[in-house]
Protein chains: 2
Amino acid sequence: MTRATRLLHRDNPDQIPLNGNIKVTRQDWLNAALEVLIEAGEKQVKVLLLSERLGVSRSSFYWYFKSRSDLTNALLQTWFDTNPRQMIAQAAMPAGSICEAICNIHKCVVDPALFDIPLDFAVRDWARRDPSVQAQLSATDRDVTAALAAMFERFDYDPAEAVIRARVLYYMQLGYNAAELNEPWETRLANVSNYLLTFTGRAPLPKVVEDFGIYVRAIVEETEL
Amino acid sequence: MTRATRLLHRDNPDQIPLNGNIKVTRQDWLNAALEVLIEAGEKQVKVLLLSERLGVSRSSFYWYFKSRSDLTNALLQTWFDTNPRQMIAQAAMPAGSICEAICNIHKCVVDPALFDIPLDFAVRDWARRDPSVQAQLSATDRDVTAALAAMFERFDYDPAEAVIRARVLYYMQLGYNAAELNEPWETRLANVSNYLLTFTGRAPLPKVVEDFGIYVRAIVEETEL
DNA sequence: TTGATTCTAGACAGAACTGTCCAGAGGTCA
DNA sequence: TGACCTCTGGACAGTTCTGTCTAGAATCAA
């Protein structure tokens with residue numbers, strides 16, 4: 001599920017072997033396009049560039065996709081089916097306290113299988129250039145912040161305050177991701193208490209912080225394999 | 001100073017009239033490039049496109065700039081000379097309370113003359129594709145968050161907490177800008193108290209909120225002329 | 001073996017873009 | 001008026017990209 005480990009179908013032992021003269025699948029094209037979208041933006045998703053990345057000529061692209069815009073529509077759908085839904089699901093997860101609930105959200109940041117940060121940023125960047133993408137993104141931002149506000153309300157925050165805290169939590173995360181600080185995880189974990197204090201206005205329980213640290217270390221270890 | 005009101009030299013009554021066969025100035029080219037950078041990203045800053053926007057052929061571009069990369073370097077310098085410096089200056093402004101200090105930062109959001117939000121985002125987007133731009137941006141992010149942390153410390157926040165609150169304040173703002181909610185100002189003003197509560201962990205003084213509202217309404221009125 | 005179907009390489013035509021070059025336009029000064 | 005300088009349009013050559021088209025490769029069923 002992570003970007004770095006996505007193999008071409010033909011190189012992936014877990015996939016049914018390709019038959020005949022098939023060199024790349026539709027999914028291979030889509031994966032290559034996702035990579036370029038993230039690395040270089042929507043405008044750089046070029047058929048010629050993708051074909052070079054895949055080591056094939058351009059022809060099979062036009063077999064699988066009607067046109068470049070067919071591909072970009074598929075890219076947007078891929079994003080839509082993953083990131084926002086995951087964050088909403090995490091917000092709805094049971095939690096013993098607001099701090100624990102926020103740690104569930106933070107799990108989106110830690111675990112690339114839950115939330116693809118670079119893809120999120122790439123789509124946000126794309127939305128700035130394309131009103132129809134922007135419209136879809138705005139709608140999902142509203143859904144996500146509503147889910148986060150509902151999460152705060154579950155822990156007795158006043159509705160108006162819940163909305164604002166939801167926004168601070170969400171948009172701070174977007175901004176932090178955008179800045180690409182690339183801080184080591186141990187550094188970030190050392191700051192979790194103060195982050196939770198700021199986001200909640202309440203002193204966090206040490207146990208919650210500790211459990212989150214354990215989770216993070218497990219995911220980080222697993223992701224680096 | 002605002003993007004929307006930037007005229008070509010030849011259309012601006014406040015500028016010295018152009019003599020001879022000069023149709024556009026170097027600044028005109030640079031302004032056009034800034035607009036495209038913001039609207040469509042660095043890769044779309046194309047000489048042909050700019051020439052069309054300016055209603056001239058491409059030739060004078062190469063009179064004023066050695067190459068396209070000469071132009072993009074100038075674009076980056078324009079950003080560097082404006083946005084980060086303004087925010088640092090605002091953070092250093094005298095304030096009677098932390099809430100008042102944060103309102104000084106928020107003035108960057110309100111007043112396009114202080115801080116060009118779309119340009120900031122465009123540069124951030126560009127940085128994701130260009131390591132040298134990213135390096136410069138990362139350095140300025142560190143400077144800005146350090147200035148904001150110092151601001152929090154002026155009001156007796158523990159240094160570790162000051163750093164985190166500075167980040168939450170700054171990155172939330174980045175994320176909020178990235179999301180392009182385009183909320184009416186009256187809506188935003190209604191939320192200021194709760195934002196200040198979240199950012200500071202302290203109940204804001206009504207007078208501070210009121211003064212900020214007055215400032216905002218004045219700027220908004222002035223900007224819409 | 002033949003025919004149908006699914007993929008593939010690569011040629012073709014056209015569009016968009018860059019940088020170079022040169023003739024021409026406009027202005028100033030002696 | 002001529003010389004010089006600053007800008008300008010536009011032609012030229014080369015590069016990169018898109019979509020279309022066709023022949024060929026591989027597989028399967030009759």
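Worth knowing before you read on, the calculation uses all heavy atoms, side chains too, and leaves out hydrogens, waters and symmetry mates. Below, chains carry the letters A, B, ... as their sequence lines are ordered, and counting in each starts from 1.
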Can you give one letter per nucleotide of nucleotides 14-24 of chain C, going 5' to 3': B for a protein heavy atom under 4.0 Å from the base, S for sugar-phosphate only, - for none?
---SBBB---B
By side chain to side chain contact (heavy atoms under 4.5 Å, CB included) - contacts of Asn21(B) (at least two apart):
none
Taking [atom1] from [X] and [atom2] from [N], how many angstroms apart are they, rounded to a whole number?
X: Asn19(A); N: dA25(D); atom1: CG; atom2: P; result: 17 Å
X: Tyr64(A); N: dT6(C); atom1: OH; atom2: P; result: 12 Å
X: Trp63(A); N: dC21(D); atom1: CH2; atom2: P; result: 15 Å
X: Leu18(B); N: dA25(C); atom1: CG; atom2: C1'; result: 15 Å
X: Trp29(B); N: dC7(D); atom1: CH2; atom2: P; result: 14 Å
X: Asp70(A); N: dG19(D); atom1: CG; atom2: P; result: 10 Å

Less than 4.0 Å between a side-chain N and a carboxylate O, is that true for [Y] and [X]?
X: Glu52(B); Y: Arg58(B); value: no
X: Arg217(A); Y: Glu222(A); value: no
X: Lys43(A); Y: Glu42(B); value: no

Going by atom type alone, with no hydrogens or angles, which donor-acceptor pairs under 3.5 Å involve a side-chain atom of residues 117-128 of chain B and a protein atom two or more places apart or on another chain?
from	atom 1	to	atom 2	distance (Å)
Asp120(B)	OD1	Trp79(B)	NE1	3.1
Arg124(B)	NH1	Asp141(B)	OD2	2.9
Arg124(B)	NH2	Asp141(B)	OD1	3.0
Asp125(B)	OD1	Arg129(B)	NH1	2.9
Asp125(B)	OD2	Arg129(A)	NH2	2.5
Arg128(B)	NH2	Ile38(A)	O	3.0

For Asp70(A) and Ser67(A): C-alpha separation, side-chain torsions, deciding distance, then whether side chain to side chain donor-acceptor pair (under 3.5 Å) applies.
CA-CA 5 Å; Asp70(A) 193 16; Ser67(A) 64; 5.7 Å; no
